[in-house]
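Each residue takes its place number in the sequence, starting with 1.
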Amino acid sequence: MAPKASASTEAPNSIGKSRALEIALSHAGVSSDEAKRQRAELDREDGQPVYEVEFVTDGWEYEYVIHAATGVILQYEKDRED
């Protein structure tokens with residue numbers, strides 16, 4: 001009997017969570033070592049699969065929405081961390 005496949009949290013033909021995080025970090029000019037509380041979650045926005053990416057560094061909070069298939073940054077925000 002073959003092992004049961006685990007449920008995937010990635011969208012078919014997606015760039016993947018780690019690549020979405022790399023794109024956001026690169027855009028922000030922040031290294032992975034500098035970024036704290038890193039999070040990338042697959043979601044849907046306007047019917048399109050997207051990754052919502054968040055991280056914090058040096059008192060700043062970054063939030064990104066990245067298209068899951070193309071890796072295009074659809075939206076981003078940088079705010080002072082509370």
Practice task
Establish whether Leu21 and Val56 are linked, either directly or via other cluster members, by ILVMFWY side-chain heavy-atom contacts under 4.5 Å.
Solution key: no
Completion exercise
With sequence neighbours left out, the residues meeting side-chain contact (heavy atoms from CB on, under 4.5 Å) with Ala28 are Val30, Phe55, Tyr62, Tyr64
Handout entry: Counterpart residues, salt bridge (charged side-chain N to carboxylate O under 4.0 Å, His left out), relative to Glu34 (two or more places apart)
Key = none
Fill in the blank from the handout: Sorted by chain and residue number, the salt bridge (charged side-chain N to carboxylate O under 4.0 Å, His left out) partners of Arg80 (sequence neighbours excluded) come out as none
Problem - Pairing residues for Gln75 by the side chain to side chain donor-acceptor pair (under 3.5 Å) criterion, not counting sequence neighbours - result: none
Problem - Partner set under side chain to side chain donor-acceptor pair (under 3.5 Å) for Glu41, not counting sequence neighbours - result: none
Any side-chain heavy atom of [X] sitting closer than 4.5 Å to one from [Y]?
X	Y	answer
Ser32	Leu25	yes
Ile15	Ile23	yes
Leu74	Ile66	no
Arg37	Glu81	yes
Glu77	Asp79	yes

Exercise for the section: Measure the spacing between NE2 of His27 and CD1 of Ile73 and express it to the nearest 0.5 Å. Expected result: 4.5 Å
I'd like a table of donor-acceptor pairs (distance under 3.5 Å, sequence neighbours excluded) in which one partner is a side-chain atom from residues 43-50, with atom names and distances.
residue	atom	partner	partner atom	Å
Arg44	NH2	Gly47	O	2.7
Gln48	OE1	His67	NE2	3.1

Practice task
Mind jotting down which residue pairs meet the side chain to side chain donor-acceptor pair (under 3.5 Å) criterion with at least one end in residues 52-61? Sequence neighbours excluded, please.
Solution key: Arg39-Glu54
